[in-house]
Each structure stands twice: as C-alpha cells, then as structure tokens.
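A quick note: this is a predicted structure, and the numbers were derived from the prediction, not measured.
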Amino acid sequence: MTGKDDQVADVSQLTIGVLGGTGPQGKGLATRWAQAGMKVVLGSRSSERAESAAAEIVDQLGTGNITGADNASCAGQADVVLIAVPYDGHGSLLESLREQLTGKIVIDCVNPLGFDKQGPYPLRVEAGSAAQEAENLLPDSRVTAAFHHVSAVHLADVSGSEVDTDVLVLGDDRDATDVVRELAGKVAGMRGIYAGRLRNAGQVEALTANLIAINRRYKAHAGVRVTDVEA
Ligand SMILES: NC(=O)c1ccc[n+]([C@@H]2O[C@H](COP(=O)([O-])OP(=O)(O)OC[C@H]3O[C@@H](n4cnc5c(N)ncnc54)[C@H](OP(=O)(O)O)[C@@H]3O)[C@@H](O)[C@H]2O)c1
C-alpha cells in the first residue's frame, strides 16, 4: 500500500447540517453521523417534516444528538452542510441560502442523472457538474463534492452492519477536503479518499449511472473501493 496520509482534522465538535435530510440519502448519512456521536441538524422545506425525521432517527438508534429545522435554519446552525436534494431543486435552494452558507464547508453529493428506456445516464450540466454549479452559486463557501456513490439502502441498515465503501472527496480547499474525509471516516466501514479538484467532479457524479446499472444487473447496492492507497 502507498500514500499514507497522516493529516487528521478534528471533526468531533462540528455540527453537520443536512439539506434535504428527509430523503433516503440525507437521512441515511445523518443517521450514521448521529450513530457516531456527531451533532446533526436535518433540514427540509418543512420544519415539521425535519423534526419528525429527526425523531425517527433517535427512535431507531435509541439515542442521538439530532434535531430538525427548515433548510435555512439548518444551514445557519451548522458548521458543515451536506446538500442532499434532487438535482432539480439544487440550484434554487443554494441560491436562496447563500448568506447562511457563507464561510462554511458545503458537501455536494448530488448526481444529475436522467433515466430512459436504456436506463440511467448523466445529464449535461452547463457548469460541468452539480458541484461546480454549487461553487458558482456559493462563491463565499468552501464547496466540496463527496458521497455520490454511497447506497442509501446500506446507510439505513444500522443493525450492526458497516458501510463497505470508499468515498471519493473532491475540492479545491485542502483543509475542507480533509474535514470531509474525516466525516466519511466517522461512518463504520467507510473511508474518505481525496480524488481531485472540483473540476473533476463531473465524471464522479456521472459514474453513479454505471453503479445503478451494476445494481440493476447484479441486484446489489454497489459502492467503490480504491486499491493500493492507505488513507
Ligand atoms: N438515494 C441514494 O442512494 C443516493 C446516493 C448517492 C447520492 N444521492 C444524491 O443525493 C440527493 C438526495 O437523494 P435522495 O434519494 O435522498 O432524494 P429525494 O428523496 O428525492 O430528495 C431528498 C429530499 O429533498 C427534498 N426536496 C425534494 N425536491 C426538492 C426541491 N425541488 N427543492 C428542495 N428540496 C427538495 C425533499 O425534502 P423536503 O420535502 O422535506 O424538503 C426530499 O425528502 C440526490 O441529488 C441524489 O442524486 C442519492
């Protein structure tokens, strides 16, 4: 193995906000971070939906420092904010939260995909990727991209199972990508790997179409593993 990276960011005191935290992906990651003892705020267009999703997680785990709020309040309370809404709502949501997200690490996990008779395919995004679109919309935030290939089904299964996958982390701010790698590492079984600058996010988002095709053929919830790297 090569490439041991000794830098460790301390993320234990951070509050993680999850916009779109009522959906399977946001709720799943929130559950795993809460399970790891992190403070989490779920966001939604409806504070009631967010509160009820947070209560479900506490019920499921039997514990958890997790609350719900509307997306703006969630973004305002958090130190690091995961964007887990469909691509359709991505641009307008980020535009509306520019102020609350100023200075913060933003993690974009959005996969702009279409589906037709042949299955999933990547949508063309003018900015190059959803993550680059986020960076354009949030010039005063520290935008990263990660968690595109993590199965929400595996995240939801907290009955002792680890989430057996690597997480490709992209971004132009080294400290921000280190924080996101550590957040990935908080989930049992998961490992965060730096995978390049944000301009390379397009193919990472697009690779999800291949993973969905794999899942359909092999009846799986596949993730990715990077070989020969110790991180
Ligand atoms: N599901 C997966 O396995 C998976 C894996 C990797 C990455 N992702 C990515 O993660 C993101 C979320 O996936 P998901 O499956 O959790 O999606 P989802 O269930 O379709 O949406 C998540 C939440 O986003 C909110 N939302 C829906 N439409 C919105 C809009 N137009 N504007 C603002 N908020 C909106 C909804 O919450 P409220 O109604 O409560 O506001 C919804 O519960 C997607 O971009 C997807 O590509 C998903």
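- Exactly one of V204, D178, I107, T177 qualifies for a side chain to side chain contact (heavy atoms under 4.5 Å, CB included) with V169. That residue is T177.
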Original post:
What do the steps show when you test W33 against V187 for side-chain contact (heavy atoms from CB on, under 4.5 Å), and what is the final call?
Top reply: CA-CA 7 Å; W33 282 322; V187 179; 4.0 Å; yes

**OP:** Show your working on side-chain contact (heavy atoms from CB on, under 4.5 Å) between I212 and L113 and close with a plain yes or no.
**Re:** CA-CA 10 Å; I212 293 171; L113 296 179; 3.6 Å; yes

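- Nearest heavy atoms, R216 versus G119: NH1-CA, 3.7 Å.
- Using a distance-only test at 3.5 Å, with no hydrogens or angles considered, a donor-acceptor pair links the side chain of E205 to the main chain of A130.
- Atom CD of E133 is separated from atom CG of L137 by 6.0 Å, given to the nearest 0.5 angstrom.
- Of the possible donor and acceptor atoms, one in the side chain of D10 sits under 3.5 Å from a partner among the backbone N and O of S12.
- Listed here is the closest heavy atom pair of C74 and V41: SG-O, 3.4 Å.
- Listed for the E135 side chain is no donor-acceptor partner under 3.5 Å among the backbone atoms of R199.
- Using a 4.5 Å cut-off on side-chain heavy atoms (C-beta onward), V224 and L211 make contact.
- Rounded to the nearest 0.5 Å, atoms CG (D140) and OG1 (T102) are 5.0 Å apart.
- Note that CZ of F147 is 6.0 Å distant from CG of L183, once rounded to the nearest 0.5 Å.
- For the atom pair T208 OG1 and H149 NE2, the distance stands at 3.5 Å (nearest 0.5 Å).
- Residue F115 qualifies as enclosed at atom CZ: its count of foreign heavy atoms under 6.0 Å is above 12.
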Original post:
What's the verdict on side-chain contact (heavy atoms from CB on, under 4.5 Å) for I66 and V58, showing C-alpha distance, side-chain angles and the deciding distance?
Top reply: CA-CA 7 Å; I66 180 156; V58 173; 3.4 Å; yes

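- Between V167 and A146, the closest heavy-atom pair is CG1-CB, 3.9 Å.
- Using modelled atom types, no side-chain atom of S141 and backbone atom of I105 make a donor-acceptor pair closer than 3.5 Å.
- Distance alone, capped at 3.5 Å, places no donor-acceptor pair between the D108 side chain and the A145 backbone.
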Original post:
Are Y194 and R197 close enough, and set up right, to give a side-chain contact (heavy atoms from CB on, under 4.5 Å), and what steps lead you there?
Top reply: CA-CA 9 Å; Y194 172 73; R197 300 284 186 139; 4.0 Å; yes

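- A distance-only check finds a donor-acceptor pair linking the side chain of N111 to the backbone of H148 [under 3.5 Å].
- Listed for the R225 side chain is a donor-acceptor partner under 3.5 Å among the backbone atoms of T165.
- Here the OG atom belonging to S151 is positioned 5.5 Å from the NE2 atom belonging to H221, to the nearest 0.5 angstrom.
- Clustering ILVMFWY residues whenever any of their side-chain heavy atoms sit less than 4.5 angstrom apart, transitively, puts V153 in a cluster other than the one holding I57.
- Remark: the backbone N or O of L42 is not paired with any side-chain donor or acceptor of K27 at under 3.5 angstrom.
- Taking OG from S96 and CG from L93, the interatomic distance works out to 5.0 Å, rounded to the nearest 0.5 Å.
- Not counting sequence neighbours, D70 has no partner by the side chain to side chain donor-acceptor pair (under 3.5 Å) test.
- Counting only heavy atoms from C-beta outward, the side chains of N65 and M38 never approach each other to under 4.5 Å.
- A50 and S44 make their closest contact through CB-CB, 3.7 Å (heavy atoms, listed as atom of the first residue, atom of the second, distance).
- Contact annotation: the side chain of V81 never approaches that of L97 to less than 4.5 Å [non-hydrogen atoms, C-beta and beyond].
- Counting heavy atoms of neighbouring residues, nucleotides and ligands inside a 6.0 Å radius, atom NZ of K104 exceeds 12 of them.
- Pairing each heavy atom of P120 with each of A213, the nearest pair is CG-N, 4.2 Å.
- With respect to R142, the side chain to side chain donor-acceptor pair (under 3.5 Å) criterion is satisfied by exactly one of D172, D175, D173: D173.
- A heavy-atom distance below 4.5 Å is found between the side chains of V163 and V150.
- Taking every heavy atom of both residues into account, I83 and L94 meet most closely at CD1-CD2, 3.5 Å.
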